Amino acid sequence: MKPCCHSRLCLLGISFVLCVVSSAAGAIGEQEFDRQRAALVKVIEQDVRDTSLYLDKEALDPRVMQAMGKVRRHVFVPEYERRLAYRNHPLPIGHGQTISQPYIVAIMTDMLKPRPDHKVLEVGTGSGYQAAVLAELVKRVYTIEIIEPLGERARTTLLQTGHNNVEVRIGDGYYGWKEHAPFDAIVVTAAAGHIPPPLIQQLKPGGRMVIPVGSRFMTQQLVLVEKSYEGEVTTRQMLPVRFVPLTGGH
Ligand code: SAH
């Protein structure tokens with residue numbers, strides 16, 4: 001067969017091949033993301049074993065780990081950070097905010113003891129990732145974000161990922177979401193100086209809340225709040241953490 005290398009068609013063909021090869025090297029495919037996500041689950045399992053003294057357990061609820069293995073974290077981070085999405089780190093999401101470290105998302109979710117019939121409130125939607133993990137595990141998630149563009153973006157992402165049991169509201173989560181209260185569980189993903197009384201009020205008897213408490217420059221503690229069926233509230237410091245501050249007018 002006559003070599004075609006001088007024809008224009010052939011040059012086009014070569015540049016097409018080069019283009020495909022170079023984009024394959026630059027962008028990570030879904031399969032590679034799946035592989036990285038599975039590896040991240042192993043890293044979280046190890047971190048849980050390493051911190052078992054704090055957590056009082058050697059392993060998290062398998063349902064929680066399944067959700068961590070399922071939710072595509074790379075979709076929730078800005079495009080230029082996708083190749084870092086499955087490192088066990090927080091990442092910037094714009095507006096001075098961060099998507100939490102996957103290990104932290106996993107343990108906070110586990111502490112809530114999520115069940116398929118639960119209604120959960122999240123304060124601090126951020127990227128929407130924590131809401132998506134919860135959405136895999138409970139009936140309905142209500143999440144509040146104070147920075148409008150973040151809340152809007154999270155709403156769009158959650159629609160794209162098909163998590164249609166999540167409702168996002170723009171507002172100050174300090175006051176909770178009265179219309180949908182009481183909640184079986186509440187998770188706050190920004191550090192507060194104190195536990196907001198409206199959130200305690202909006203927690204169901206028998207419910208659990210997880211919240212980082214402390215100021216910006218001091219060690220914060222992840223606190224588990226439990227409300228007994230008689231309405232008695234107890235708190236337990238679980239482990240030191242670092243979160244962005246809970247803002248707003250309170
Ligand atoms: N859960 C998020 C991480 C969010 S970081 C995720 O999975 O990506 C904390 C978020 O809390 C930030 O987006 C910040 O804007 C928001 N936030 C801070 N104070 C708030 C308040 N009073 N009400 C609602 N959201 C708040």
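Given the structure is predicted, the values throughout are model-derived calculations rather than measurements. Just follow the structure's listing: the first ligand is 1, and inside any ligand the first atom is 1.
- Only the side chain of Q97 comes within contact range of ligand 1, with a heavy atom under 4.0 Å; no backbone atom does.
- The nearest protein atom to atom 9 (C) of ligand 1, hydrogens excluded, is given as T189 O, 3.3 Å; this is a heavy-atom distance.
- Using a non-hydrogen distance threshold of 4.0 Å, T125 registers as a contact of ligand 1.
- For ligand 1, the atoms closer than 4.0 angstrom to any heavy atom of V244 are 5 (S), 9 (C).
- Inclusion of I146 in the set of residues having an N or O under 3.5 Å from an N or O of ligand 1 is warranted.
- By the 3.5 Å distance cut-off applied to N or O atoms, Y174 is not counted among the residues near ligand 1.
- Of the possible polar contacts, none joining the R208 side chain to the E226 backbone as a donor-acceptor pair under 3.5 Å is found.
- In terms of polar-atom proximity, G173 is counted as a contact of ligand 1, with an N or O under 3.5 Å from an N or O of the ligand.
- Counting only heavy atoms of the protein, atom 8 (O) of ligand 1 lies nearest to S127 OG, 2.6 Å.
- Using a 4.0 Å cutoff on heavy atoms, G171 counts as a contact of ligand 1.
- Numbered from 1 in the order shown, with element, the atoms of ligand 1 that lie under 4.0 Å from a heavy atom of L150 read 13 (O).
- The side-chain hydrogen bond (donor to acceptor under 3.5 Å, both in side chains) check on K139 picks up nothing, with sequence neighbours excluded.
- Between L121 and T143 there is no side-chain heavy-atom pair separated by less than 4.5 Å.
- Here D184 does not pair with K119 in a salt bridge; the nearest charged N to carboxylate O distance is not below 4.0 Å.
- Close approach of ligand 1 to I99 is summarised as follows: ligand atoms under 4.0 Å from at least one heavy atom of the residue are 8 (O).
- The heavy-atom pair separating V168 from G151 by the smallest distance is CG1-O, 3.7 Å.
- Note: an N/O pair closer than 3.5 Å links G124 and ligand 1 by distance alone.
- When non-hydrogen atoms are compared, ligand 1 lies under 4.0 Å from neither the backbone nor the side chain of H250.
- In this structure, N165 contributes its side chain and A135 its backbone to a donor-acceptor pair below 3.5 Å.
- T247 N, 2.9 Å is the protein heavy atom nearest to atom 19 (N) of ligand 1.
- Salt-bridge annotation for E167 and R140: present, with a side-chain N of the basic residue lying under 4.0 Å from a carboxylate O of the acidic one.
- When heavy-atom distances to ligand 1 are checked against a 4.0 Å cut-off, V105 has no atom that comes that close, whether in backbone or side chain.
- Only the backbone of P245 comes within 4.0 Å of ligand 1, judged by heavy-atom distances.
- Side-chain atoms of I200 and M209, non-hydrogen and from C-beta on, do get closer than 4.5 Å to each other.
- For ligand 1 and D172, the ligand atoms under 4.0 Å from any heavy atom of the residue are 21 (C), 22 (N), 23 (N).
- Between F243 and Q220 the shortest side-chain heavy-atom distance falls below 4.5 Å.
- The shortest N or O to N or O distance between S100 and ligand 1 is not below 3.5 Å.
- Looking at atom 13 (O) of ligand 1, its nearest protein heavy atom turns out to be E145 OE1, 2.7 Å.
- Considering both main-chain and side-chain atoms, E122 comes within under 3.5 Å of ligand 1 through a nitrogen or oxygen pair.
- Put simply, the side chain of Q101 does not reach to within 4.5 Å of the side chain of H89, judged on heavy atoms.
- In this structure, V244 is not a member of the same hydrophobic cluster as I104, with clusters built from ILVMFWY side-chain heavy atoms closer than 4.5 Å.
- Annotation for R63 and E136: closest pair NH2-O, 4.4 Å, computed over non-hydrogen atoms.
- Listed by atom number, the atoms of ligand 1 under 4.0 Å from I147 heavy atoms are 15 (O).
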Query raised in the report: Step by step, would you call H74 with E30 a side-chain hydrogen bond (donor to acceptor under 3.5 Å, both in side chains)?
Result: CA-CA 10 Å; H74 63 279; E30 285 300 316; 3.3 Å; yes

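- Close approach of ligand 1 to T98 is summarised as follows: ligand atoms under 4.0 Å from at least one heavy atom of the residue are 3 (C), 4 (C), 5 (S).
- Nearest approach of P240 to T219, heavy atoms of both residues: CB-CG2, 3.6 Å.
- Heavy-atom proximity to Q130, at under 4.0 Å, picks out these atoms of ligand 1: 1 (N), 7 (O).
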